[in-house]
**Student:** 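Have a look at this one before I ask anything.
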Amino acid sequence: MSKKIGFRSYYENEKDEKEQEKQNELERIKAEQQKAIANFLGQNYSPIGSTSAKCFKTTDELIYDLSNIISVRPTELAKQLTDAGYHVEYLAGQPYWVMYEK
């Protein structure tokens, strides 16, 4: 490989490639987290169901349930729950996710 002559950094491309590899790794990890959360929710809960199976969970309770599987931030979990069709109801001023147990 020939090197360019001049005052430019010879390692710009290598740095860009390393940054791109790090970015790809972070995206892969995030995709795995989202898949793990989706699997957990899909196996245990549904966004619709019968009244007898209705339960209310806070974001903190769900994070605790997921803690043995994966570490997740509340904002990421809330976004994924919203995208999956779950909604929030306020009981005594506290926000709860409305879920239906399977």
Side-chain angles (χ1 to χ4, degrees):
M1 179 175 151
S2 65
K3 303 250 184 197
K4 296 180 181 179
I5 299 174
F7 294 104
R8 295 180 43 176
S9 173
Y10 296 125
Y11 303 104
E12 283 181 12
N13 290 338
E14 290 178 18
K15 288 180 183 178
D16 291 341
E17 288 175 5
K18 287 180 183 179
E19 289 178 15
Q20 185 64 32
E21 287 175 11
K22 287 180 184 178
Q23 186 67 24
N24 290 342
E25 182 69 17
L26 290 173
E27 289 175 4
R28 185 186 62 77
I29 290 170
K30 188 173 181 179
E32 287 178 3
Q33 286 180 338
Q34 289 176 347
K35 184 177 178 182
I37 294 168
N39 285 340
F40 173 80
L41 292 174
Q43 290 174 358
N44 297 312
Y45 304 104
S46 172
I48 56 173
S50 64
T51 306
S52 62
K54 190 175 193 178
C55 66
F56 298 94
K57 297 270 189 172
T58 64
T59 303
D60 290 335
E61 290 172 333
L62 291 169
I63 288 172
Y64 179 77
D65 291 343
L66 283 163
S67 65
N68 290 332
I69 301 168
I70 198 160
S71 176
V72 62
R73 291 185 290 179
T75 54
E76 292 174 0
L77 180 60
K79 181 183 182 317
Q80 195 153 354
L81 285 166
T82 303
D83 292 345
Y86 295 94
H87 66 279
V88 174
E89 284 185 12
Y90 287 85
L91 302 173
Q94 179 76 11
Y96 287 88
W97 291 100
V98 178
M99 309 177 106
Y100 298 88
E101 294 178 331
K102 288 187 176 182

**Student:** Are more than 12 heavy atoms, taken from residues, nucleotides or ligands other than Phe56, located less than 6.0 Å from that residue's CZ atom?
**Tutor:**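 Correct, the count exceeds 12.
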
**Student:** Show the numbers, then the answer: is there a side-chain hydrogen bond (donor to acceptor under 3.5 Å, both in side chains) between Asn39 and Gln43?
**Tutor:** CA-CA 6 Å; Asn39 285 340; Gln43 290 174 358; 5.7 Å; no

**Student:** Has the side chain of Gln80 got a donor or acceptor atom that lies under 3.5 Å from a matching backbone atom of Leu77?
**Tutor:**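 A pair under 3.5 Å: no.
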
**Student:** Below 4.5 Å, heavy atoms only, C-beta onward: do Ile37 and Ile69 meet side chain to side chain?
**Tutor:**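 A side-chain contact under 4.5 Å is absent here.
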
**Student:** Say you draw a straight line from SG of Cys55 to CG of Asn44; how long is it, rounded to the nearest 0.5 Å?
**Tutor:**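 Between Cys55 SG and Asn44 CG, I get 9.5 Å after rounding to 0.5 Å.
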
**Student:** Checking Arg73 against Glu76 for the salt bridge (charged side-chain N to carboxylate O under 4.0 Å, His left out) test, could you report, in this order, the C-alpha distance in whole Å, the side-chain angles of both residues, the deciding distance, and whether it holds?
**Tutor:** CA-CA 5 Å; Arg73 291 185 290 179; Glu76 292 174 0; 2.7 Å; yes

**Student:** Once you round to the nearest 0.5 Å, how far does CD of Glu25 lie from CD1 of Ile29?
**Tutor:**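 It is 4.5 Å, given to the nearest 0.5 Å.
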
**Student:** Show every donor-acceptor pair shorter than 3.5 Å between a side-chain atom in residues 85-102 and any protein atom, with sequence neighbours excluded, or say none if there are none.
**Tutor:**
| from | atom 1 | to | atom 2 | distance (Å) |
| --- | --- | --- | --- | --- |
| Tyr86 | OH | Tyr45 | O | 3.3 |
| Trp97 | NE1 | Thr59 | OG1 | 2.9 |
| Lys102 | NZ | Gly42 | O | 2.5 |

**Student:** I'd like to know whether CG of Leu26 has more than 12 heavy-atom contacts from other residues, nucleotides or ligands below 6.0 angstrom.
**Tutor:**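 Yes.
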
**Student:** Answer yes or no: is there a donor N or O on one side and an acceptor on the other, between the side chain of Ser46 and the main chain of Gly49, under 3.5 Å?
**Tutor:**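 Judged by distance alone, no pair lies under 3.5 Å.
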
**Student:** Looking at Lys30, Arg28, Gln34, which hits side-chain hydrogen bond (donor to acceptor under 3.5 Å, both in side chains) with Glu32?
**Tutor:**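 The option that passes is Arg28.
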
**Student:** In Å and rounded to the nearest 0.5 Å, what is the CD1 to CZ distance from Ile70 to Phe40?
**Tutor:**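 Reported value, rounded in 0.5 Å steps: 12.0 Å.
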
